[in-house]
Protein chains: 2
Amino acid sequence: MTGDDRPYRLDDQVGYILRLASQRHASLFLARFGSDLTPTQFAAMARLGEIGQCSQNELGRQTAMDVATIKGVVDRLRAKGLVSQMSDPADKRRSLLSLSPRGAAMLADLHAKGNTVTEDTLDPLDVAEREVFLSLLRKLG
Amino acid sequence: MTGDDRPYRLDDQVGYILRLASQRHASLFLARFGSDLTPTQFAAMARLGEIGQCSQNELGRQTAMDVATIKGVVDRLRAKGLVSQMSDPADKRRSLLSLSPRGAAMLADLHAKGNTVTEDTLDPLDVAEREVFLSLLRKLG
DNA sequence: GCCTCATTATTCGTATACAAATGAATATTG
DNA sequence: CAATATTCATTTGTATACGAATAATGAGGC
């Protein structure tokens, strides 16, 4: 009797449902932000606004991005003129990143849109459920 | 008084926390499956085991993958000899996919490992919390 | 100072992920 | 049945995402 009679269902796997929720969020994000900024680029800018000037790898750590991933993200943000780079005089390895004036000027609008996307995403839940969900989700982060 | 005094926090955005949880899940998945199979490849195989023979686009829809994404996934599963393809005699556009004998033989083991990854991922939650979390997460999928 | 180790940024390779466009085949509709 | 619309699979381009490797630089121990 080593068999398991319960049918296996992909729909019950947390990884799969997480992917579905992430996809829906990405779709809602795109609807609000258009192709101006991706969720990842948004995260990098928001964090840079929070912590101020820092190195590229540090920004990657603060946004849970691999060194290879954050490089591409920063490259694209610099190409858009939203992030500025200067070399660190105290450490020749580092380049110090900061929001450009244009990037900083966009922050308030980004915050408003970001909050709207979070509300859109949580819309299927009532207020009490949102609290519970975010609390539990945070434990899995 | 149009300003918002509350500080904006990336850590409170559901999209960001979803990404963190997905990252942790991917890491746990990798620990169990090694580089044999990715979560996406696993999902495609599990679903193909559930619904049986179907077209490539149909498998994509059943696993929430874009036509371009499912193509790459199926290509790699075929290269590993886990999925077989034949042309549909009734519709020249379609190619019918099915698990290969080797792929089908792996299913039981995949199910066991898949369940373990789900348990690993939900480990920070107690049994009652898991029920609640999955129920709420499903509403966002 | 010198050796070792850690950190920074970059690069390469692989794998999702999706929008958009294409050609072939099928379905629908007037 | 002929014009239109839809579906299937493929391809291209862009953007994460991460493991692994590398060169340059910095830090610590002796």
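Proteins come first, then strands; the chains are lettered A, B, ... in the order of their sequence lines, and each starts at number 1. Any value given below was found using the heavy atoms of this structure, including those in side chains, with hydrogens, waters and symmetry copies removed.
Counting heavy atoms of neighbouring residues, nucleotides and ligands inside a 6.0 Å radius, atom CD of B:E131 does not exceed 12 of them. No more than 12 heavy atoms of other residues, nucleotides or ligands sit less than 6.0 Å from atom CZ of A:R9. For CD of A:Q53, the number of neighbouring non-hydrogen atoms (other residues, nucleotides, ligands) closer than 6.0 Å is greater than 12.
In this entry the distance linking CE of B:M45 with C1' of C:dA15 reads 17 Å, nearest Å. For A:K71 and C:dG13, the NZ to C1' distance is 16 Å, given to the nearest whole Å. We find that CZ of A:F29 is positioned 15 Å from C1' of C:dC18, with the value rounded to whole Å.
Using the six-membered ring where Trp is involved, B:F29 and B:H25 have ring planes that are tilted, between 30° and 60° apart.
OP1 or OP2 of D:dT16 has not a single side-chain nitrogen or oxygen of A:T69 nearer than 4.0 Å. Remark: B:S55 is in phosphate contact with D:dA9, judged by side-chain N or O atoms under 4.0 Å from OP1 or OP2. At least one side-chain nitrogen or oxygen of A:T40 sits closer than 4.0 Å to the OP1 or OP2 atom of D:dA17. At the phosphate of C:dT8, OP1 or OP2 sits under 4.0 Å from a side-chain N or O atom of A:R61. For B:Q23 and D:dT16, the shortest distance from a side-chain N or O to OP1 or OP2 is not below 4.0 Å. Close to D:dT10, at under 4.0 Å from its OP1 or OP2, lies a side-chain N or O of B:Q56.
Contact annotation for B:S95: backbone-only contact, meaning every heavy-atom pair under 4.0 Å involves sugar-phosphate atoms and none involves a base. Backbone-only contact: B:K92 has heavy atoms under 4.0 Å from sugar-phosphate atoms and none from a base. At a threshold of 4.0 angstrom between heavy atoms, the contacts of B:D66 include nucleobase atoms, whether or not backbone atoms are also involved.
When the nearest nucleotides of DNA chain C are assigned to B:P89 and A:N57 by heavy-atom distance, the more 5′-ward of the two goes with A:N57. Taking the nucleotide of DNA chain C with the nearest heavy atom to each of A:L30 and B:T38, the more 5' of the two is matched to B:T38.
Not a single donor-acceptor pair, N or O on each side, falls under 3.5 Å between the base of C:dT8 and the side chain of A:R93. On a pure distance criterion of 3.5 Å, no polar donor-acceptor pair joins the side chain of A:R94 and the base of C:dT8.
Note that CG of B:D120 and NZ of B:K113 are 12.5 Å apart. Values are rounded to the nearest 0.5 Å.
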